[in-house]
Number of protein chains: 2
Amino acid sequence: MGSSKRDKAETHSRIVRVAAKRFRELGLEGIGVADVMREAGVTVGGFYKHFNSRDELVVEALATAFQDLDRWEERTNTLTKLLEQYLSEAHRDAPGAGCALGALLGDMPRASRSAKAVYTARLKRSLAYTTGILPPSGTSDRRASAILMTSAMLGAINLSRAVTDPDLSQEILQQTRDQLISLYKFAKAH
Amino acid sequence: MGSSKRDKAETHSRIVRVAAKRFRELGLEGIGVADVMREAGVTVGGFYKHFNSRDELVVEALATAFQDLDRWEERTNTLTKLLEQYLSEAHRDAPGAGCALGALLGDMPRASRSAKAVYTARLKRSLAYTTGILPPSGTSDRRASAILMTSAMLGAINLSRAVTDPDLSQEILQQTRDQLISLYKFAKAH
DNA sequence: ATTATCTATAGATCTATAGATAATGC
DNA sequence: ATTATCTATAGATCTATAGATAATGC
């Protein structure tokens with residue numbers, strides 16, 4: 001007990017990191033503040049010296065999880081790489097370290113207004129990123145293609161995590177990936 | 001108190017109907033058994049004379065919600081109608097009466113094994129249905145197209161419910177719908 | 001006698017708060 | 001003196017069970 005202000009900042013950061021991982025794995029209601037605190041190496045009593053409410057942790061954890069997505073988008077500069085990595089079995093099996101837009105998609109319709117606002121802002125950035133990575137097309141504008149592609153990617157990663165049949169799970173990832181690649185790789189040819 | 005066996009069957013059906021609606025609106029963890037019972041016009045104490053566990057209610061409610069989807073697919077026989085109805089603001093705003101594959105997508109990765117099995121079986125039927133409604137294509141097989149289309153539809157309806165920005169919500173529905181229609185309407189031309 | 005439903009509650013959560021403890025930092 | 005963290009707990013859930021009540025159905 002009795003820690004410095006620097007220690008508090010480090011504790012705070014550890015709490016948010018644990019939450020950013022566990023919320024993606026278990027959902028926004030899937031873990032309580034006591035368990036998050038314990039995993040961060042502290043006890044539950046200190047929680048409200050760090051956050052005014054549980055929802056404040058949710059919002060900070062979302063922002064942190066989206067920073068992982070920032071870094072991933074920075075390193076991923078072609079359409080093929082984007083799709084092969086996003087719609088992979090490795091990504092499917094590691095939601096805690098993966099895309100928070102995908103992992104928390106189904107939680108957002110029922111999330112707090114503040115959490116939805118953070119999600120919405122980050123989705124807009126990803127739509128702009130995806131628009132930029134698409135090749136120019138003669139028939140349909142890239143913004144519309146980015147929306148279709150984002151819907152399909154988020155839908156497919158969730159479906160691949162939802163089904164009990166491993167063959168179907170793999171088929172969903174592979175076919176969505178292959179269809180999107182062939183669709184936009186030859187976009188000019190349309 | 002003191003009701004007939006027929007009354008019990010009707011009570012049972014009412015409980016499952018309430019759950020099928022509320023689970024789609026609020027998520028599988030979004031409402032407790034006491035509130036479901038109260039909405040069905042009975043009290044919580046009788047619950048375990050109807051179900052061995054809460055999860056048994058979840059499984060029955062899923063099956064009932066999927067019957068709504070059966071009926072909808074039976075009445076919907078063209079690709080354009082399918083997409084215009086599914087990716088509409090009316091469907092977005094009425095999850096309790098809408099597609100359970102969409103409403104519960106994000107809950108399934110963390111649901112019980114029995115619930116996931118019911119979801120998986122119904123998804124397979126919808127993939128077969130969607131495959132059948134697609135026009136023949138020269139370049140890619142219809143099964144693969146059905147997977148992409150289903151991923152995009154489920155992703156888009158969830159995104160449209162997730163965002164706080166009404167314009168973006170509407171844009172996601174409209175662009176996903178228009179892109180999919182133009183993609184498969186002219187599939188033969190590829 | 002059996003049973004469908006009721007009231008009441010045990011026991012296990014979970015969020016939030018109160019007050020103690022042991023450091024930091026003026 | 002202030003504060004970061006601790007132990008302990010209040011109060012509000014939620015699932016599941018116990019036992020009472022008032023009908024049904026042999």
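Here is how names work: the chains are called A, B, and so on, in the same order as the sequence lines, proteins then strands, and each is numbered from 1.
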- Message: Looking only at the side chains, is there a donor atom on one of B/S112 and B/S114 sitting less than 3.5 Å from an acceptor on the other?
- Response: yes
- Query: Between atom NZ in B/K49 and atom P in D/dT15, what is the gap in whole Å?
  - Reply: 18 Å
- Does any nucleotide pair with D/dT2 by Watson-Crick or G-U wobble geometry, both distances under 3.5 Å, and what is it? C/dA23
- Message: Whole angstroms only, please: what is the CE-P distance between A/M37 and D/dA8?
- Response: 17 Å
- Message: In whole Å, I'd like the distance from the CG atom of B/D55 to the P atom of D/dC14.
- Response: 17 Å
- Query: Within the distance-only criterion (no hydrogens, no angle test), does the side chain of A/H91 pair as donor or acceptor with the backbone N or O of A/C99 below 3.5 angstrom?
  - Reply: yes
- Query: Given C/dT15, D/dC6, C/dT5, which nucleotide is nearest the side-chain atoms of A/V33?
  - Reply: C/dT15
- Applying a 3.5 Å limit to both distances, which nucleotide forms a Watson-Crick or G-U wobble pair with C/dA10? D/dT15
- Note on the structure: When A/D35 and A/N52 are each assigned the nearest nucleotide of DNA chain C, the 5'-most assignment goes to A/D35
- Message: Quick check on C/dA16: is either OP1 or OP2 less than 4.0 Å from any side-chain nitrogen or oxygen of A/Y48?
- Response: yes
- Item | Length of the line joining B/R14:CZ and C/dA4:P, which is rounded to integer Å | 14 Å
- Let me know the distance between CZ of B/R22 and P of D/dC14, rounded to the nearest Å. 14 Å
- Task: Would you indicate which nucleotide in C/dT7, D/dA16, C/dT5 comes nearest to any side-chain atom of B/T43?
- Result: C/dT7
- Could you tell me whether the phosphate oxygens of D/dA4, OP1 or OP2, come under 4.0 Å of any side-chain nitrogen or oxygen in A/H12? no
- Query: Which whole-number value in Å describes the distance from A/F47 CZ to C/dG19 P?
  - Reply: 21 Å
- Query: Atom CZ of B/F51 to atom P of D/dT17: distance rounded to whole Å?
  - Reply: 15 Å
- Message: Rounded to whole Å, how long is the line connecting atom NE2 of A/H50 with atom C1' of D/dA4?
- Response: 7 Å
- Query: Charged N to carboxylate O below 4.0 Å: is that the case for B/D165 and A/K124?
  - Reply: yes
- Residues which pass ring-ring contact (aromatic ring centres under 6.0 Å, His included) with A/F51, listed by chain and number, not counting sequence neighbours: A/H12, A/F47
- Which is it for A/L123 and A/L127 under the side-chain contact (heavy atoms from CB on, under 4.5 Å) test, yes or no, and what are the steps along the way? CA-CA 6 Å; A/L123 176 66; A/L127 285 174; 4.3 Å; yes
- Task: May I ask you to say what B/G45 touches in the nucleic acid, namely base, sugar-phosphate or nothing, with a heavy-atom cut-off under 4.0 Å?
- Result: base
- Look at A/T11 and D/dT5 and indicate whether a side-chain polar atom (N or O) is within less than 4.0 Å of OP1 or OP2. yes
- Note on the structure: Which of C/dT7, C/dT15, C/dT5 is nearest the side chain of B/K8? It is C/dT5
- Quick note, B/R54 side chain, CB onward, closest among D/dT15, C/dT5, C/dA16 is D/dT15
